[in-house]
Amino acid sequence: MAKLTSRKEDYSKWYNELVIQAGLAENSSVRGCMVIKPYGYAIWERMQQRMDGMFKETGHENAYFPLFVPKSLFEAEEKNAEGFAKECAVVTHYRLKNDPDKPGKLMVDPEAKLEEELVVRPTSEAIIWNTYKNWIQSFRDLPILLNQWANVVRWEMRTRLFLRTAEFLWQEGHTAHATRTEAIEETEKMLDVYAEFTEGFMKIPVIKGLKTPTERFAGADETYCIEALMQDGKALQAGTSHFLGQNFAKAFDVKFTNSEGQQEYVWATSWGTSTRLIGALIMSHSDDKGLVLPPELAPIQIVIVPIYFKDEQLAAIDEKVQQLLADFKKIGVRVKYDNSDKQKPGWKFNEYELKGVPLRIGIGPRDLENNQAEIARRDTGEKQSVGFDNIVEFCENLLNEIGDNIYKKALDFRNEHITSVDNWDEFVDVIENKGGFVSAHWDGTDETEEKIKELTKATIRCIPLDNPLEEGKCVLSGMPSKQRVLFAKAY
């Protein structure tokens, strides 16, 4: 097993090595696309199950819409079309045929050209709102609260496993409402759901805020976001919730008759998260030994490894472990007993450490004699011996403690890397040398925002929702400002 490059030496290389060595994903033969391996997909499944439950608790239902969007529909909402145009993959033909000049090879059949080109969905607002037009006539048809679990394609030029790939998995909510107020409430509610999921389940602290006009989702009146901070001091957008106003309703002529008998355009929201969250998970908690997974999210919460020299010793350990397995499963703990003889215990210890399993229990002949087992924590590396009589309850409590500890560590790091600055020299110094979020005044203009990005590669991550009003001067232009915003370099 190859040793990981240290984070301090090369953070990007450490990340890529960890994704591959931990068996999460690998690059595929299709440029910019990835194969999500079983262990990585098990993590995504855990995320998906939790989020899906939260969506349903808030009244949403799952549906599925086509992968292909006719180009004319995609063009209907101009800002959305322009925003995604450079990333679109487009289907122009529907058939291949044998190449007469190259035996054994295929070519596109020029006679099988589509009457209308199809865009492979980069996002689904167009196809969904064209469908909603057929579903909505009256206020009695509203609200529509739908979510879709799907894949999308955005033809990225520079890709990195989980963080940015040409094809990725995600969920996208699309809701329709009778009033502006109701739509805004929905937008804010789903942002809160994302924040609760990310902090409570993934143990990643986030800041809720609004995007600036230049950073908004294409076609939205307002974009709400949650921003997280990775261990290398870069920010990562972990989820977005968009108030779409009536833009898509007008583009697709989606109207309803209100309770007074008048025709109105429908109000809309959309919101989404993706497998990028796995990248956030890795970069928020993991270390030079491998993954560190929050217990609620870990596919395996406890691994039990037997330590023996003779078959009769293994048989005695097996007998003890079977009862432990039953007791752990009764309380819903995901436990694995690795009694395979293909690898030695030391190799297994390293492997499960790499995979981020929260607790490891080692049991040998002497442990059986002493009626105890050694328990090792992944988050701190601490080890202690615990008697079999109370080991299940002990581990259950320890799993909760590990989750709390992982969150606190990430929160402390984030809070230590929010720095307020009041002039340009301080701004540049923190961005270049300390990293993290920089809280600074901005004059509110697109020109200044773009100039700061050009000079430092730092962008405005969000205008925090809990921002207090505070008179000040923009760090670059010196023009008046009424509140601070958060800048950072970002993924």
*Please state whether the rings of Phe252 and Phe248 are parallel, tilted or perpendicular, taking 30° and 60° as the class boundaries.*
parallel
*Hey, could you give me each pair passing side chain to side chain donor-acceptor pair (under 3.5 Å) that has a residue in residues 25-50? Not counting sequence neighbours.*
Arg50-Glu296
_Ionic contact status for Lys56 with Glu61, cut-off 4.0 Å_ = no
*Sequence neighbours left out, what passes side chain to side chain donor-acceptor pair (under 3.5 Å) with Lys133? Give chain and number order.*
none
_For Ala85, all residues meeting side chain to side chain contact (heavy atoms under 4.5 Å, CB included), sequence neighbours excluded_ = none
*Please round to the nearest 0.5 Å and tell me the distance separating atom NZ of Lys211 and atom SG of Cys225.*
4.5 Å
_Can you tell me how the ring of Phe55 sits relative to the ring of His60, calling it parallel under 30°, perpendicular over 60° and tilted otherwise?_
perpendicular
*Sequence neighbours left out, what passes salt bridge (charged side-chain N to carboxylate O under 4.0 Å, His left out) with Arg164? Give chain and number order.*
Glu156
*Proximity of Phe84 and Trp155 rings by center, below 6.0 Å*: no
_Taking atom CD as the centre, does Glu78 end up with more than 12 heavy-atom neighbours from other residues, nucleotides or ligands that are less than 6.0 angstrom away?_
no
_Under 3.5 Å side-chain donor-acceptor pair for Trp271 and Asn147_ = no
*Can you name the side chain to side chain contact (heavy atoms under 4.5 Å, CB included) partners of Gln246, sequence neighbours left out?*
Lys250, Tyr265, Trp267
_Holding to side chain to side chain contact (heavy atoms under 4.5 Å, CB included), I want the full list of residues that pass it with Gln231, two or more places apart in sequence or in another chain._
Arg7, Tyr11
